[in-house]
Every structure is written in structure tokens, then in C-alpha cells.
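In what follows, chains are A, B, ... by sequence order, proteins preceding strands, each numbered from 1.
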Amino acid sequence: MTAGPILRIEGLRTRFGGFAAVDGVDLDVPRGRTLGIVGESGCGKSVLSLSVMGLVPRPGRIAEGRVLLEGRDLLTLPPAAMRRVRGGEVAMIFQEPMTSLNPVHTVGAQIVEAMRAHEPKGQGSARDLRERAIAALRRVRIPSPERRFEEYPHQLSGGMRQRVMIAMALACAPRLLIADEPTTALDVTVQAQILDLLRELQAETGMSIILITHDLGVVAEMADEVAVMYAGRVVERAPAAALFEDPQHPYTIGLLGSVPRLDEERTRLLAIEGSVPPPFALPPGCRFAPRCPFVAEACRAEVPALRGIGPAHGVACLRAPVELAA
Amino acid sequence: QPAPRNTLVVLREIDADNYDPPRSTARSAGESIYMMSDTLVSLDWDMKTVKPGLAERWEVSPDGRTYTFHLRRDVTFCDGKPFTARDVVYTMNRWLDPATRSPVRWRAGPVKEIRARDDHTVEYELNEPYGELLYQLSLFFASIVDQATVERLGPNFGVQGFNGTGPYCWVSWTPRQELVLQKHPNYRWGPPIYANPAPQVDRVIWRVVPESQTRLAALQTGQADATQYIPPIAISQLRQMPNVRMSTQENYFWDYFVGFKVDKPVMNDPAVRRAINQAVNRAAIVQAVWFGSAKPADAYLNPNTAGYDAEAAKLVPGYDPEAAKRTLDEAGWRMGPDNVRVKDGQRASFLTYVINTQQSRQVLEAMQADLRRVGIEMKIQMWDATVGWGRLATQEFDAFMMSYPYVTATDGFSLYFDSRNRPTPNRMNWSDPATDRALEQAKVALDPAARMAAIAEAQRLVAAANVWFPVAREQLWVASSMRAEGVRAHGIYGVALYKGLDIRLTR
Amino acid sequence: MSATTAEAEAPRRPGLLARLLRDPAAAGALIFTLLLLAAAALAPWLAPTDPLDNNLALSMQPPGSPGLPLGADAQGRDMVTRMLFGLRASLLMGFSATLAGGVVGVLLGFLAAFYQRWLDGPIMRLMDMMLSFPAILVGLAIAAIFGPGLSSVVLALAIATVPLMARIARGSALVTMRLDYIEAARAIGMTDARLIWRHLAPNCLSAIFVFTTLRFGQVILLGSALSFLGLGAQPPTAELGAMASEGRNFLFFAPHIAVIPCIGIFAIVLAFNLLGDALRDALDPRLRF
Amino acid sequence: MSAPLLEVEGLARHWAVKGGTVRAVDGVSFALGRGETLALVGESGCGKSTTARLALRLIEPTAGRVRIDGTDITGLSGGAMRRMRRQAQIIFQDPYASLNPRLTVGEAIAEPLIVHGIGDAASRAARVRELLGLVGLAAWQAGRFPHEFSGGQRQRIGIARALAVQPALIICDEPVSALDVSIQAQVVNLLKDLQARLGLAYLFIAHDLAVVKHMADRVAVMYLGRIMEVADKRSLFANPRHPYTRALLSAIPQPDPRRRGMVKPLGGDVPSPLNPPPGCRFHTRCPHAEAICREVEPPDVEVAPGHRSACHFAAALPPVEALAGEGLSPIAARRLALFAERKPTQSAPSTLT
Amino acid sequence: MARHALRRILLVIPVLLGVLLIGFLLMQVVPTDAATVRAGPTATPEVVEAIRRDLGLDRPLYVQFGLYLWRLAQGDLGVSIINNVPVSQELGATIGPTLELMVASLVWAIPLGILMGTAAAYWRGGAIDKAILAVSVAGGSVPVFFLGLLLIWFVGFQWQLLPFTGRGGPLWTMEGLQAIVLPALTLGGVFIGPVARMTRTAVLDVLSADHVRTARAKGLTERRVVTMHALRNALIPVVTLVGLQIGFLLGGAVVTETVFSWPGVGRLAVGAILSSDLPMAQGTIIVLSSGFILINLAVDMLYAALDPRMRAA
Ligand SMILES: Nc1ncnc2c1ncn2[C@@H]1O[C@H](COP(=O)(O)OP(=O)(O)OP(=O)(O)O)[C@@H](O)[C@H]1O
Ligand SMILES: Nc1ncnc2c1ncn2[C@@H]1O[C@H](COP(=O)(O)OP(=O)(O)OP(=O)(O)O)[C@@H](O)[C@H]1O
Ligand SMILES: [Mg+2]
Ligand SMILES: [Mg+2]
Ligand code: NI
């Protein structure tokens, strides 16, 4: 029971009315390591993570698939058990540190609340919980945590708030942390601090992390494994090094080309023409086909399956590797 | 939720401004003042016979100028002080004093002097005869009050306190809410019209309830014991109710009329005024508005009034819309394009002001519809009671509707048709030397026949000129709960309970 | 536009009307409101009798009497006719008051927001003052000045509406003014008047419009309260509030005279509330895509 | 050589807020020549947008002056200022808020022409078509409303609107920050193409140093309302002479797992602009700070020709290790080239969706 | 917090002064003559003229206003020209009952409205939501007087459960409590709909907020999420909106007081304005308007108490 992935997602499909925001995703989250998920806005990254947490907002619902945490299917858990998983075994932090904390409660109260939710009734005195919350704040390197404990979110800076979110998520020592674009709203210098912190905490606790981002730089910096998503599907999956070394899917290639780099001088960026198809007008077959320079007739008809092409490297493209298609 | 034991709860529609006898003209002031104080003389149920009050008996000098009142000796004020002739002299002089600003000073007559001959005799001397005097002295304006209390309270007399000789004494007043009175323990001098001269109820609460339906419900559920403010529509139903007693008074002089400003365009044409009188179906209106609790007023006065003239009544035209059209045609009013008659470029249209009450609104709306049928346009502007009186003192309108109480023919007519009383209360601007002369005669004549002839003359002059459109003669009804026995409607100045004697609470 | 171009994929965002009609409750509210408006507009043609013609013999006939489906009022006038004309007067009263108050209020609100430096303080303090007079008091004072009547009620309600509208308009303008396209328009070199007229106003209107429908209901209710206090329409004008308040004197004997106009008021207010809610939903950006 | 197109001198803007005064921009000077791109980078709240607005006099400065084409615009009257606005235009970060949802795209683009009384209806319509073509949209799209467009397309519409009056200068306030990576590349390419064709000058505001490196000729780094360092792009990236610039550069994660762990976070948060630290504003977070930094505001020194830095130790800072890493892996680079090759014609009207 | 409060209080002063001036001017424009009012329907012109001189109504307007302000500054609101009672005494007697009525109405209407709104938001889209929505929209559409009369008709008259004429006594007595039930039901009844709807919207807004998602992700029970996170935050806009509706409530109070013969300041105001009793009318206007202003001030403070972001440094 120890070796396998901590979380395994199988054929997950989450629908919003007429369309599936997450459309048949299979993923493994390696134990004690970081899985990075990249993709453009709207490709279903957040819905995927909310599906794992059982927090898909209305009118969304999970249509099929399994989400196995240590072998237990979270989708079939009764609500009370799911609540124990949430925040207890799996914790989550969100993109917007500005709005993700309740503005009317003190920071400390919100952390204490998270702890109390996963404690057997009546255990832990108020004082004890307070001590532990302050310790949690200290652990995420918040200066003078005793004072911050009494403060309200609006009195903290963005980076500080994100740290509070992390402290809260880690309050019950989860085995899996889902971080949905935790640094997108932050400045680069602060982003660097948060990423550093996450890395240290992972080393300390051995937890697994799902890190969602649209920034290839962050993925390269943090992830051990990477999944690239496009329009609700995983189009490529690989260990981080392999992905940057040997990008297979045309979308991954385009993405790499779109990013200006500090270590390289180019006159033009490689822009992927067009934009992500809106969810109500998805093409049949490969969803990247309308923008893909390597597109073939078959791409428009057939949905490509994720096929393995190397150790732990999979790609959902009929034309990969693209040299052969060219 | 029954009313408290041995407390009589009386409901009324509006409160009075104050309870100082010479300073208020409101019926609601009279309601309580009659209970809190007494007048020298009282009026019998027939509304004609003057009976003793604080005065046991009185004499009138042959020239009609001096009245000598012999007072009772057993009377005390609420504060226990004995009542004497000095109190009468003080009260009367206060009424007459211009500083009091009594709006009803004229009712006291052309006084020369009022003297106390001894502790129990008062002489009331006039400059000229005044046949009305005894009736006027039975009205609550002439209620006897205590000098010391008046002087102590100053302008707050009747606001913060009161001291009279009446069957009930002032306890407290919360304006617009309630006035609380309690039994005057020694009171035994009630007017002889009552079976028992002493009060039998411990407390009386005059409570203001503006909503008519609420009053009805309160009465029927026993939250209140009596009210005279009953919507006409409810009267016949209440009479069938097993848990409500009804009492009525035949001799009740409270009339509704529409008056015309005889010097304003359109209204200054006697033909128009006559046509209006002919065009409006008075009987139908009175039936629809009062449901039988009022009689159509086919004359300017109630036939039971002292001084009523039957000949004058015949001069008031009856309902005949065809005749109305003829009258207008003959006078040169031709039908205009918008169904309103026109004469010399003048539309037959007039503006009517009225104080907003259920009855007057309904009457005017029905009149409006009737007049439309003969080609006269009547516009209506309703006013809340308090602003309305001010508005009715102006010359902005062409006609108005009012209701008023009176005691005798002379009383009513000299008030409304004396040219000196323009603009109020003579709002018709009726200025006719012949009428003025007749009214003067009626006031000073010593011979009852001569007086009768004079007042009849005045009635004929006014009726012939169609200065008013008399509408209705209201009947007085008092509804009382089953536990309140002996409630009998009197109706002096429109006040039903008068002294409030003879009323007992069972249970 | 030619359908041959490759632009046909993105479905056009459905128009406001289409979005309104999609929700059955909203469609119901819209149709209900339109029916009321139509009934009011067509009152002279729909009414079975002359609204002023009375027949005292029929006074207070209960509903269902021969030829009088809703009965007759105290004057013996057909209640159907009275209701149609009453609806007309009430709606007219509501419209003119909301419109007059709305126009003035919106203008003041815009000015306050646009010239925030100089005008915001004075205008909004003035609005605070106006707001602190309950509408009923304003109505009483105005009736005391000009005499009771429909026009006094309209004036009072309009005055009471001004500060609310100004607040809404200001709030919505302040939000809009922070948007970049306002800044862009300024950068183009546009005059203030054009900026307000072409960019600010149209984009604040939906919020104002929603509030207007809701305020309309309140105005009708306030108007009926003023009528109740005896300040409303003068006879023989039929107006629902005045009819109801007149009819209340017969509540125990001929309840239909009061109850039917009350139901009328209820219907109008309900219709506009529902419409306002539906509009709010239809205009809510979060429900768009 | 004539005067620079845009010249800003000692520009300052203070906001009164509850609790004090925010010195959003506190003495900023720079110049921008014709056809040149000056990038303004810095962290959130350091005053970039405020500077942009001041430069166009969309808000009034507390101090300092702005010259456009030699004319001091700070004192211009309403009418003259409105005429001056043809020279300089602005495009914004938020593609959703920068277009009036109630105007069609054609109306929005034609509006500057109407305001300045340029041409008649027909010629304006033609110009709108031309502008749409210029930014890679189709002429028929003029009748559409903004909500029917994607974020990238809206940004193009904003650019077309700015171009309508043929300005010499466009201020770009984070024009690509809100866009997805793949779309961001499209817009960056478009801006560069337009500059090449029309000889535009850009004041390019961004927080992403990689984008800046791609776009700019010169770079100015702002911190708490002040410019810390200005230099030619090459010189700045190769040899940053201010600790803050260095911190920024080393905080950017590179899309290259081989360089993992090179990110060196700077301690602390950006101080509140309500009461900026005395002396050097950066001393609270500066790894090189000494006593003097806490007391003396460092002067702006020219450390190399055209390279100015506001640091006491500008010249004394150790050299940085070369940033230029290995770049893309060979396989990736080859595939990229293939991708670019097979792409349909560059900047063709992207009829997207 | 204290400074915020002080600032708000200082801001109230000019508004109050303005209200005073508007109130005075408004009553000056009323074309009725107080002297005539006082003299009564059958008075002759000389009497009216004399009364006018007594009341000082023949003096120029600015003198009257100056005197008014001067006396006001000394805390003297004048005496009623109708019955000579000091205005302050009348106000003192009527404010209590009005406050009593408003508190009694709000005390049940606001909690119930909030409860209904929260329930509707919680089960949004379901039958409960629809039912609550229907009830609250309908409740907000009924004229106050109609609701009052219905209650009198059924509860008071048909079933004879409760009294409905006037105030029964102080609230701590049985009579007082019984008497206030129907008026409070009436006034609260028309308020409950708006509160419920505001709450529903606000709770729905908050339920879709990021921090509620955070709360759920912490594994809190749904009940705790709704009460501690959604409702608590939703109260902030609800409180503001309730403050704005106070004017509407005051208007409703005037009508309710009339229907139930409740001896409050609303009825006093109606009577005073209609009878051109200038000092009394101005007194009531000042009281009602300052009541409105003070309630809004209180709402503002409450707002700050509920929302830590408002407690400015
Ligand atoms: N509550 C919702 N109702 C309807 N559609 C939704 C909802 N939430 C998400 N979606 C849709 O699901 C799709 C995936 O959204 P998701 O939020 O997962 O994207 P994402 O990859 O997280 O994007 P971003 O980078 O912008 O956060 C989108 O098309 C979005 O419109
Ligand atoms: N209208 C205003 N009133 C008060 N303060 C303001 C105003 N506009 C800007 N500020 C303040 O001025 C400072 C600089 O703001 P500015 O918008 O110029 O920053 P920026 O560098 O553009 O930041 P970002 O990257 O977040 O857009 C900030 O602290 C901001 O809070
Ligand atoms: Mg997301
Ligand atoms: Mg900015
Ligand atoms: Ni970024």
C-alpha cells in the first residue's frame, strides 16, 4: 500500500449543463512529490481540483470517473466522511489570497476553525488551539505571529495572506495539498518566497502537492511530474525534465514557444494562432486540431488517447512526434 | 379583552384642541365639557324646553333685558370648593372678555352687565332683548369654571387640567389618544331630565379611534362601551346585533348643506342655484349615503326647530331634472361641446371645497354625477379638517359643503346669513339688507309671534334665493355595549351623551 | 452579415428580451406587467360603463350581481370600470413620479459622481437631508401647500424618489467610472458632456432600470398610503389607493369595495417587483456568458 | 535631433487617503524618443499606472511637468489639451473593462475620429476597416459588440482605437498581463509589427521582465514611486546595477527544469507607500544595505553611458553570473521551428473561434 | 473605531441643520393661516386678527425663523399653537410609543426575514426557495393599511384574540404586550418581505464567494459554513439596506399608528402638519428626521462592527 500513487484519478468527467469542463481525465499524483498541471485559462484545471475536493459548484456535477485517495473512492464517500477528508487528508489553497479569506473573522479564528473541524469534539482547549495556530503561522514564516493571530485579513499583504492560507491548509497535516494557482496574483518577488516555502514544507512533511498554474516557469521550478491540459483533457504527461527536454504534443510545443525567455533572444514569439475553443463549440476529435499546424484529417475525426511514449511520458496526439508528421 | 370594570370607555373619531369652554367650538370638546362642568340651564330631550341646571329657577324682566338666575346651594367644584354666584359672574365675564378671544362670544348676547346680587343670585342684564339667551346658556360654551384654577393654569386651562362642577372630574389628557375622567363623588345636582341626578360610573375614558371599522369592531368585541360615531351603513346592522344597544334622538338638529358663494361667477346666477336644487336627487343620495339614518333636508331647518317656517320650506325646489334643464335653458345657459353649459363664454363650472369626511365625499360625488347630467360641472377639492377651516375662510372656491348643529331657527340663521358675518361663517357672502333686518327683529322682538314672523321672513328670503342646497338632516344614534345600561341619545350641539348620567355598567 | 464567413460558431448572446422570456417566472412577470399596462391604456375602450356615471340604486352591490361581475361601489358605479380607470390613474401616478424623480435623481447622481471633487459632497449631503424626510411627511407637507390631489401626490413621491435615485446612479456611476474605457474615452479627448452621455449613462442604466422597477412598486404603495391619509386623488377620479381608502369605511359591510382595489395595488406592485427581479437576473453579468 | 517625444521631469502624484498620503509617484523623470520603446517595470502598486495616467494628464500631477513633442502639457487649457491628445494614446491591461460594452467595435474605433472631427462618415468607415485589418481583425467584425470577442481580440480592438488618430506615442499599461500565454504572444507580436510599420513609440508598462526583455529598447525599474534604475535593455539584463533589479531578475522562475533552484527569494514585503522608508526606499529588503542606505536617499548616478542607477553602491555591486542559460533543448528548439514554419501566414486575420 | 464614529457624528450635524431649515421653510410655504385654524369654523375676522397678533404671525418671516432658531438653541421647541401644550412635552409623550412600535416590529420581522432569506438561499431553486420568495414578494406588495385592517377584521374582530384600539399600557404589563401585537405584526409584516429578499440575495452572493469555498475546503459542516461564513458576511449589505428602508418604515409607522389609534409621533406629525401647527409640525419633523439620521448612524456603526474593514485605522 505504500508505493503506489497517493491519489489516482480515473476517467473523471465533470459537466456543467451541456458541456464537460473536465472531460475524461486520468492522473496519478506521486507520493511525496509534486504534480504540476499547466494549461490556459478555462481548460478545467480548477474544476479538476474542485472535483477532487467534492466542491464542484452548481450547476456542475461529476458525471463519471473515480477519484481514489489511497484506494478509497472519494466520489462515493458519504458527506460526513468526505468532510473529514477535506481539510484533513486533502487540503487546498486558492489563487486569490485577497478574497479567499473571510474578511470578517480574524486570521487566527479561521485557522483555529480549520483545526477544530478535524478534531474529535471537545478536544483541545481554546488556549491549546491558539498555541497551535500560532505555531502554524510561525511555520509559514509569518513575523510576529502572536500579533497577526488577532488581525483581520485586510490588514495583511497579499503574500502574507497566501501564507495564512497555507498555514490553514497545513493545520491538520494533510497528506495531499492542492494549490490552485497559489502565486498568480502575487508579485514575482513574493511568488518566489511562496514557492520556496512550499518546497521547504514539502521536504519537512513529506506531503504530496498538486500545483496548478499557467506559468511554465513555475512548473519547471516546482514540479516533478507535469500534466498539460487543453480544453478539459490532459494532452501530455511527463516528468518535468522530460517535458521541457522533449515536448511531444503540438500544444506543449506552442506553449513553450509563446513564452518569452530571459535566456534567449528571439525577434518573434511563436504564437499559437486562434484561441481556445469555447466549451459550447468544441470540435470533435482532437480539440487542438483547429489551431494545430500539424493537423491531419484523422485528427478531426478521432479523439486521440493518451499513449505512452517513454518512461512515464504520455501524449494524446496522433501526429506525435511531430518531426514524423512534418 | 373587555374594558376595565366600572370604567365607561367611549369612542370618538377625533380629539378636541382643548377643553376650555369658551375657547373651543368642536363637538368633541363639548362631549367632555358637558361631563366635567354644568351650565346654568339645561335642555330637555325635546331640544326645546329649557330645564333647570345650576340655576334652580330664573325670571325674565318684562322688557326682556334682565334675567335673574337663582342658583342651587348644594353645588361644589371637583376640588370641593363650594359653587357661588361669583363663579358665574367670573365665567361669563371671561367669556365676554376680548382677551379670551372666544370665537363664540356673540352667543352670549348683547350683554350690558352680569352681577351677583348675592351668593346665590345672578343678574344677567342685556342692552337689548335676546330671545335666544336661555338656549345659548345651555350650550357648553357657558359652562361654569373655577376662577382659581383658570388663573393658575392660564392658557393651559382645559389642556393640563380643569375644575368644574360636573358629574365627572378631569384626571388626565393624552391628546389624540384619550381623556380620562373620574366620578365626582358629591355630585347630586344633575338636570331634572335624568332619572338619577348622580353619576354611577367610576371612570369615563374618552378614547380617540379614527378608523370607523375599528370603532365598530371595538364596540362589538366589548373593548368599548359607547360611541356615537357610527358609519351610517352600520346602523341598521347594529340594530340587529344582540350584543349592541342602539338609542336614537328624534330632536336632533345637525344638518348638511351645500352653500353657494352668491357673488362669484356662475354662482351669482340665481337660475343656476335653482337648477342645482332641481337637478340633484336628494332623496336617493341621502338613502345611499345614510341608509335611512338621515332624512332628506327639504328645507333649511328641521321642522322640529323652534322658529321653523313651513312656507319657506315650500320655496325649496324638489327634484326634477327636466325642470332644471328648463331653468337653465331659460336663463340662457346653452349646452357646450364638452357637455357643460355655457353662457356668455362662461362655462357652467364651479369649484367646491369640503372637509374630508365619508359622508360629504359621497354626497358631493353623487351630486357631481347628477349635475353632469344637466350640463353643470362641479369640481371637488377635499381638505383635511384642520386645514379645511382655513381654506373655507378664503374666497378661492364657489361652493362648499358643511354640516352644523343648531338649537333654534334664529341661532342657525343669524350665524350664517347675517351680512356682518362675511366671510365666515357667512361663506355664501349673502348680503341682503332685508335679511339683516329680519334677523335683527327676530333677535330683539319680545313678542313670540313677532319673533316668529321675523325669522320666517328671513327663511323665505334665503330659500327663495336658493342660497343653499340643503342636503340631509342627520339622525343621532348612540351604540352601546350590553353591559352599559341607560345610554340615551340627547344631541345638544350634536353631543349624544350630554351629562352622561343614568348610565350604569352591569357585570 | 453574411453567414458564409466563418464567424457563425459563437452563438450570439441572447438579447435581453430573449433572456427574460427564457425564465418562465420572468416571462410571466413580463406578460403580467404588459397585461396591466394594456388594461390601463385601453381602459376607455374596455370599460363597460362610463366611469363617472353613478346609479345610487346599485350602491354596494356585491360582486357577481347581474351585470356587475365585480359589484358596484358606494356610488353604484361598476367596479370593473372603476378598476380599469383606477389602474390607469395609479400607473400614471407611479410612472410620472418615478420618472420625474428618476430623471432628476439620476442627473444629480451622475454629476456628483463625475465631478466628485466639487459636487459630490454638496449634492450627497443635500440628498441625505432629503432622504431623512420620510416620504409620508413630504407628501403631507405638499398636500398642505398645494391641496390634496393626484398632482400633489406625484410631486411628493417624485421628491421622495430623487435621493434614492441619486444614490443608485452615483454608486453605479462611480463603479463605471473606474472602468478603463472611461479613461480611454478621456484620453481620446472627449468632452465631459459626451463622455457622460455616451459612455457613462448607457452603462449605468441597467442598474438604474432595475431599481426603477422596484421603486415603482414602492411608489404605488406610498401613494396608496397617502391616499389613505386623505391626500390622494379627488373625486370623481378613480385611483386605486383612493378607492381602497374610501372603501375601507365599508370594509365590514361591502368588503369588495376596498378589497378589490387593494388586490389591484397588490397586483401592480407584485408585477413590478417580479419584473425588477427578473431584470436583475437577466442583467446580472454573472449569469451571462 | 529634436526634443524627445515624451519627456517627464520630476513627476509626482500624491493621493490623500484615510490615514495619510500615498506618494504613488514621487519624483519620476525619463524621456522617450520617437519610435523607441521604454519599458517601465516594478511590483504591484509601485506607481506604474499612475505614471502612465500622469503622462497623458488623465490625472493632474502634484508636481513636475510632462512635455509631449516639446510642448508642456501640464498647463494646457481644455481645448488645446484635447487637440494634444491626438499625439498620445493609451491601451489598458483589462481587455474586458477597456471597451464600452454598448458600442459596436466600429463605433468604438470611429469615436476618436468623430471627437477630433476627422473625415466624414464614409471615410471614417473606410478608416475603421483599415484599422481592423491592421490589427488582424476582419472588416465585418465592425458591427459586433465587444462581448462577442475573446480577450486577445479585444486587446486588438483597443489597439485599433488607439491607432485611429495616428498617434506618435502609445502608452501600454500592462497590455498583455491579463492574457493567456498563447494569446499574449499574439499581442506582443502585433505590437512589435505595428511599431515597425508605423514608427510608434511605446511606453510599455509590465511586471514580467521576460516580456519586457522581448519588447523594450530601454528599461526603467520602479520601486515605491521612484525609478531605481534606467538602462539600455542589454546593459540592464547583462549587468544590473541596482540590488532591486537583481532581486527581480533572480526571482523569475525559468521555464527550464535544469535551472531549478536558481530562484533566490528576496525577504520581506513591499513597504506601504503610505510611509515609505527613509533613505533608500529599498533598504528594508536590500541584501547589500548599510547604514548610509537607511539615512541618505541615494542620488541617481550614471554608471555607464545611458545606464543610471539610484544606489549608493551602484558601482560597487559584484558582477552577476550570466543569465543567458542553455535556452531550449535541441529537440524542443527543432520542434518549435517546425511549428513556426507550418503556421499559416503571420498575423493573418485570426478569425478564431 | 472611535474616530470613525466621531467623524460620522460630525457629518450628521450639517445634515441636521439642513433638515431644520428645510423643515421650517416647508412649513412656511403652507398657505394656511394658523390663526384661522385656531379660531375655529364660526369665528369672526376680528377674532382671527387678534389671535394672529398674539401668535406673532404678523412679524416678518426672518424674525420668526430667527426667534425659532434662538429658542431651539436653548432647547425650547415652542408650544403648539393649537392647544398651547409645549411641543417637547407632546414629543416626549409620543416618541416612546413610536419607538416601542418600531422596535416591536423589527424585533420579529428582521430575524424572521433573515431566517427566511437564508433558508431560501440555502435551498435555492427548490420548492422552499420558491415558496419563501413568493411569500416575501407578496408581503412586500400589500398596502400597510390593508394588512392592518385585515388583522383587525380577523384576529381582533372575528376571533376576538387581541385588542386593537390604542396602546394598552407600558410594555411590561400584560395589557401593553397584548395591545402591541397587532400593530407590530402589521408594521413588521410589510417589512419582512424586503428583508428576506435582501438576505437571500446577499447570502447567495456570499455563498459564491471565494472565502466560502475556502471554508468548505477546510471541511466545515454546511451549517457552520452558512451561519459563520455566509450569513455573517451577508449581514453587512443587509444592514445597510435595512438602514435605507428606515424611511419606508417610518412612513409605514404613520399609517399603522392611524389604523390602530397608536399614540405615536407619526400620528402627531400628520395631525400637526395638516393643522398647520407650525411649532408642532417642525418638532415632529425634527424628531422623525433625526430619528432617521440617528438610526442610519447606528446602522453605520453596526456596519463597522460587522465589517472589520470599516474600522479604519
Ligand atoms: N460555476 C460554473 N458554471 C459554469 N461553468 C463553469 C463554472 N466553473 C467553471 N466553469 C467552466 O468550466 C471550464 C473550466 O473552468 P476552470 O475554472 O476549471 O478553468 P481553469 O483552467 O481553472 O482556468 P483559470 O486558469 O482561468 O483558473 C470553463 O470553461 C468554465 O467556463
Ligand atoms: N485614485 C487613487 N486614490 C488613492 N490611491 C491611489 C489611487 N490610484 C492609485 N493609488 C495608489 O497609488 C499607488 C500606485 O498605484 P498604481 O496603480 O500606479 O500602481 P501600479 O504600479 O500600476 O500597480 P499594479 O501593478 O497593481 O497595476 C498604489 O498604492 C495605489 O493604492
Ligand atoms: Mg482556475
Ligand atoms: Mg497598474
Ligand atoms: Ni504572470
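Ranked by non-hydrogen atom pairs under 4.5 Å with chain A, the options D:Pro253, D:Ala247, D:Gly152, D:Pro330 are led by D:Pro253. With chain D as the partner, the residue from A:Arg261, A:Arg291, A:Gln191 showing the most heavy-atom pairs under 4.5 Å is A:Arg261. Per-residue counts of heavy-atom pairs under 4.5 Å with chain A were compared for D:Ala210, D:Pro257, D:Ala251, D:Ser272; the largest is that of D:Pro257. For the set A:Ser41, A:Pro283, A:Gly257, the count of heavy-atom pairs under 4.5 angstrom toward chain D peaks at A:Ser41.
In terms of heavy-atom proximity, A:Gly274 sits nearest to D:Gln186 at O-NE2, 2.8 Å. Between A:Pro321 and D:Arg335, the shortest heavy-atom distance links the atoms CB-NH2, 3.7 Å. Scanning all heavy atoms of the two residues, the minimum distance from D:Ser329 to A:Glu245 falls at OG-O, 2.7 Å. The nearest pair of heavy atoms linking D:Ser182 to A:Ile272 is CB-CD1, 3.8 Å.
Screening D:Val41, D:Asp208, D:Leu248 against A:Val188 for a side chain to side chain contact (heavy atoms under 4.5 Å, CB included) leaves a single residue, D:Leu248. Looking at A:Val219, A:Val218, A:Leu255, A:Leu216 one by one, the single match for side chain to side chain contact (heavy atoms under 4.5 Å, CB included) with D:Pro255 turns out to be A:Leu216.
Atom CG of D:Leu336 sits about 5.0 Å away from atom CG of A:Leu270, to the nearest 0.5 Å. Interatomic distance, D:Phe339 CZ to A:Ser258 OG, rounded to the nearest 0.5 Å: 7.5 Å.
Residue A:Gln248 touches chain D through both its backbone and its side chain, counting heavy-atom pairs closer than 4.5 Å. In this structure, chain D has no heavy atom under 4.5 Å from any part of A:Pro290. Contact annotation for A:Asp246: both backbone and side-chain heavy atoms come within less than 4.5 Å of a heavy atom of chain D. Using a 4.5 Å cut-off between heavy atoms, D:Leu328 contacts chain A through both its backbone and its side chain. In this structure, the portions of D:Val181 lying under 4.5 Å from any heavy atom of chain A include both its backbone and its side chain.
Within 6.0 Å of CZ in D:Arg234 there are 12 or fewer heavy atoms belonging to other residues, nucleotides or ligands. The number of heavy atoms from other shown groups lying within 6.0 Å of CZ (A:Arg33) does not exceed 12. Heavy-atom contacts from other residues, nucleotides or ligands closer than 6.0 Å to CD of A:Glu297 number 12 or fewer.
Between D:Phe237 and A:Leu262 the shortest side-chain heavy-atom distance falls below 4.5 Å. No side-chain heavy atom of D:Lys192 sits under 4.5 Å from any side-chain heavy atom of A:Leu269. Within the 4.5 Å cutoff, the side chain of D:Asp193 has heavy atoms near those of the A:Arg268 side chain.
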Report the C-alpha distance between A:Val322 and D:Arg342 in whole Å, list the side-chain angles of each, state the deciding distance to 0.1 Å, and finish with yes or no for side-chain contact (heavy atoms from CB on, under 4.5 Å).
CA-CA 11 Å; A:Val322 296; D:Arg342 294 184 57 119; over 6 Å; no
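Here the side chain of D:Arg260 pairs a donor or acceptor atom with the backbone of A:Ala223 at under 3.5 angstrom. With hydrogens and angles ignored, the 3.5 Å screen pairs no side-chain donor or acceptor of A:Glu221 with any backbone N or O of D:Ile252.
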